[in-house]
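Please read the structure below before turning to the comments.
This one's a predicted model, so the numbers in the text were calculated from it and none came from an experiment. When a residue number appears, it is its place in the shown sequence, counting from 1.
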Amino acid sequence: MPLMSEVKQTGKRGERIGTFLSWMLAVLACLWVAWCCAIGPLYWFGDGLSDFGWLNVLYLVVAFAIWFSIVVALVRFGRGRRVLPQYCARRHEKLCNEIAGTPTTVLGIMLRHLHDAAHSRPGRALHAVIVWTGRKLIRCTDCWWKLMLVFVIGWLWIPTTLLAAFGADIRSQIREFSWALNQWTGLKQPYIGFFSFVPMDIYPTAHYMWPDNPTYLTDQHNVVLTVFYGAAAAVSRYFTDSNDAGIVVLAALQWLFAAFCCSATANRFFNLPWRRLGVGTFDFSHPERHDCWNMRDYAHPEAGVVARPSRLRAGAKTRFMILLFFMVCPLAVFATISLTKSPLFAFAFVWWFGVWYELHMTHIKALPTINGKPTYLRKRSIMAFTISSCVMLISAKYAWYIILFTLILALINDRKRWKTYLVALLLPTILIHGGIVFLTNTGAIIGGDPIESRGIQLQQIARVAKYNPKGIPADAAKKLEPVFNLDQMAEAYFRQDADPVKSSGIQSKKVSYKWRTVTEDDMTNFNEAWLEIVVANPVIALDAFFAECFGYFDVTDLPYVSMDYYVNNDYVQNDNAWIHLYNHDWRDAVAGFAKGWGNIPVIGWVTHGNLYVTLMLLVGAAEVVLRRWRSLSWHLPLLLLMGVMITAPANNFERHMLPVAFVFGFVCLQFWRESRNARSAASANVASAHEASQVRQDE
């Protein structure tokens, strides 16, 4: 008996420690978001952490109180408890009793009038219309091809009136492929030279990385996507003497791909786990059930239990809100035709995330089968998983980090389906990423410059060079001299973007990064020099770090580059053959409307990606406190994407936040479903405890 009591005490102590650590992680997440909100004004007005004052402390306290309250509310909701305080519940009950009788307060009188209006003949008619509309919405979105039609029809105005949206990236990719095509056809072109300027010098790749045999393809924007875009533009030039037709076709293809990805994922979240076969019967050949779903929802005719699809499928309000986001929010609307790597990656990620949901829901802990049938993934889902992984890998270079990280989590959590993960995750990574590495090592293409991943370090060095040039240690300056021109670096520094410091841009750019003359040996001392500068100037270094990433987690910060930029920038409106002639003023009006909407305080937050990034981080914190480890492991790639945002070369660049924003509604739906089941389990426990107490009283 003493041994048993010691075991129980140890278990309770471990439970308390786990609870403390989980809440500590939630507090740290809220502190990080609140800190970003508090320091935002410092960088808006050109100051820094040295000007942090009592007003910023007030911002920090208020923001932390708001975000932590949201986490607490999510945790209480997830545990099936009352979200609002007891006082609010009592006031609500008192107000309901007052409305049922004779109202005496102003609010009670107003609500009584609304109650009477709702139960009048027009009110009942309006309610009937709303119910009918909801049923029709569910009927129109109960399978993937209907959802595909909804997205195609809802987004049809985008490619027909705006044609395409793009920026400098696709022009650089087309230029790279054109030079490579000229080389393949035997045309002599300049290669390495101090005064020559070739496509590889626009987003400069250091000349020491160029192979001796001339090649003009780089992995700066992922070489597979460069070849695809460049080939389409080359065919367009062959038939129409301009790139414009090819760009429009590429935009239309991406628009169709976006509609398909969103419809496939929405179908999985809206309509799985059950597929209806006929009146009163359901198909259980692919039972999508998570192990935390209670037996009330897991029905089977042979067991004498009636299935309740209304409790397993998403309701009309949920469908309406998620579809409304995709149809109206500028993030999704403009991304459908924006020809840059991030939107393509985002829509492929949505598709990939939907298959992960199916894997999550078909996982049965410690049980190889359900009703005698194995819980393998459907063949079409395996194909979707593999293709979406491939598209992610060819659109963003950091995709292979996310996929390999997810592979490790999957092999830990769902070992019985390891073959599925190897085929759909590991094999595409080996073929695509490994193939690109092989082509780089053989000199067929030029690899990406490592300087691209050092955005934070470059910003810290450049800010010190701008605001405290005498604070740079002499030894650090000597080590950096072959790599950077510190004077040009200071002049090129811009807190929002590291590209000027990296000498990215056209030929008239400032040569901060000495990409023409730097050698591989020169870069070996870079980290040491950076560390010396940071240690000597810690406050300025922190300013550079926060200034480049705080906007991703500050809902009040306006985007540095919003998605409407790709609709009416100079590349679209002026620098092309004929695209700018088509609906020129309409393009400006659409982009201007989106910009104006986004500038409205609070109301405009829904158009910005940082709202969804912040809320997603809080949902993850709530999942940690609730110990939903399997759901959390499925959502951890979203946290990895937030890390990509922090290390990105620009602050609050909306295209980096698209994947998180697009799946936010689906994550909320899944969180609500698991919380609903927790609430049902809590109610069942209360009922069983009450029944047990009654039995004891009878005895």
Side-chain angles (χ1 to χ4, degrees), residues 168-169 172-173 176 192 194 197-211 215-223 226 341 396-398 400-401 436-437 440-441 445-466 472 476-507 509-534 541 544-545 547-549 643-651 653 656:
D169 286 354
S172 178
Q173 290 173 285
E176 277 187 20
I192 296 180
F194 191 81
F197 193 85
V198 294
M200 300 85 76
D201 292 323
I202 296 175
Y203 299 98
T205 304
H207 286 190
Y208 74 84
M209 301 183 65
W210 297 11
T215 181
Y216 296 91
L217 288 177
T218 73
D219 195 37
Q220 171 68 31
H221 298 289
N222 199 303
V223 66
T226 297
K341 53 192 175 185
K397 290 190 291 185
Y398 55 79
W400 76 277
Y401 295 109
I436 292 174
V437 172
T440 302
N441 292 336
I445 63 174
I446 301 172
D449 197 323
I451 207 71
E452 290 290 329
S453 62
R454 302 176 184 268
I456 293 175
Q457 294 174 295
L458 298 183
Q459 288 294 83
Q460 291 175 328
I461 296 172
R463 191 175 179 99
V464 173
K466 184 178 183 68
I472 298 178
K478 183 179 179 181
K479 292 176 180 177
L480 288 177
E481 194 278 332
V483 186
F484 288 99
N485 183 324
L486 291 177
D487 293 333
Q488 292 280 353
M489 205 174 192
E491 192 174 346
Y493 173 74
F494 177 52
R495 69 169 182 86
Q496 296 271 57
D497 196 350
D499 277 348
V501 178
K502 292 184 296 185
S503 300
S504 295
I506 57 175
Q507 196 166 356
K509 60 192 172 185
K510 298 183 184 300
V511 183
S512 167
Y513 175 44
K514 300 178 181 179
W515 79 91
R516 286 190 172 102
T517 57
V518 67
T519 65
E520 189 173 5
D521 292 335
D522 296 333
M523 292 299 299
T524 57
N525 298 321
F526 176 83
N527 288 330
E528 295 179 8
W530 162 77
L531 185 59
E532 291 179 21
I533 294 173
V534 169
F545 169 72
E548 196 192 19
C549 66
V644 172
M645 298 171 200
I646 293 175
T647 58
N651 172 53
F653 210 142
H656 295 308

* **Criterion side-chain contact (heavy atoms from CB on, under 4.5 Å) on I461 and W530, from CA distance to verdict** => CA-CA 7 Å; I461 296 172; W530 162 77; 4.0 Å; yes
So, do [X] and [Y] sit near enough that their side-chain heavy atoms are less than 4.5 Å apart?
X    : Y    : answer
I436 : I445 : yes
H656 : V644 : no
Y203 : K502 : no
I446 : P211 : yes
P450 : M209 : yes
I451 : M523 : yes

Is a side-chain N or O of [X] found less than 3.5 angstrom from the main chain of [Y], in a donor-acceptor match?
X    : Y    : result
Q460 : V534 : no
K514 : E481 : yes
D522 : V518 : no
T226 : N222 : yes

How long is the gap from [atom1] on [X] to [atom2] on [Y], to the nearest 0.5 Å?
X    : Y    : atom1 : atom2 : answer
Q173 : L217 : CD    : CG    : 11.0 Å
M645 : C549 : CE    : SG    : 11.5 Å
Y208 : T517 : OH    : OG1   : 11.5 Å
D497 : D499 : CG    : CG    : 4.5 Å
I533 : I472 : CD1   : CD1   : 5.0 Å
Y493 : L458 : OH    : CG    : 11.5 Å

* To do: Show your working on side-chain contact (heavy atoms from CB on, under 4.5 Å) between K479 and E532 and close with a plain yes or no.
  => CA-CA 11 Å; K479 292 176 180 177; E532 291 179 21; 3.2 Å; yes
Give me the atom names and distance for the closest heavy-atom approach of [X] to [Y].
X    : Y    : result
A462 : V501 : CB-CG2, 3.9 Å
D219 : G448 : CB-N, 4.1 Å
P500 : A492 : CB-O, 3.3 Å

* Basic-acidic side-chain contact under 4.0 Å: E491, K466 ->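 So E491 does not pair with K466 through a salt bridge.
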* Test log, rule side-chain contact (heavy atoms from CB on, under 4.5 Å), inputs N485 and V511 -> CA-CA 7 Å; N485 183 324; V511 183; over 6 Å; no
* To do: Please work out whether the ring planes of W210 and H207 are parallel, tilted or perpendicular, with thresholds of 30° and 60°.
  =>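 Ring orientation of W210 relative to H207: tilted.
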* Asked: Between F484 and Y513, how do the two ring planes meet: parallel, tilted or perpendicular, split at 30° and 60°?
  ->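 Correct class here is tilted.
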Under a 3.5 Å threshold, yes or no: a donor from one side chain and an acceptor from the other, between [X] and [Y]?
X    : Y    : value
D449 : Q220 : no
T524 : D521 : no
S512 : Q488 : no

* Derivation of the side-chain contact (heavy atoms from CB on, under 4.5 Å) call for D201 and V198 -> CA-CA 6 Å; D201 292 323; V198 294; 3.5 Å; yes
* Answer yes or no: does atom OH of Y401 have more than 12 heavy-atom neighbours from other residues, nucleotides or ligands under 6.0 Å? =>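 No, because the 6.0 Å sphere around OH of Y401 holds 12 heavy atoms or fewer from other groups.
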* side chain to side chain donor-acceptor pair (under 3.5 Å) partner of N651, chosen from Q496, E548, Q459 ->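 It is Q496; the other options fail the test.
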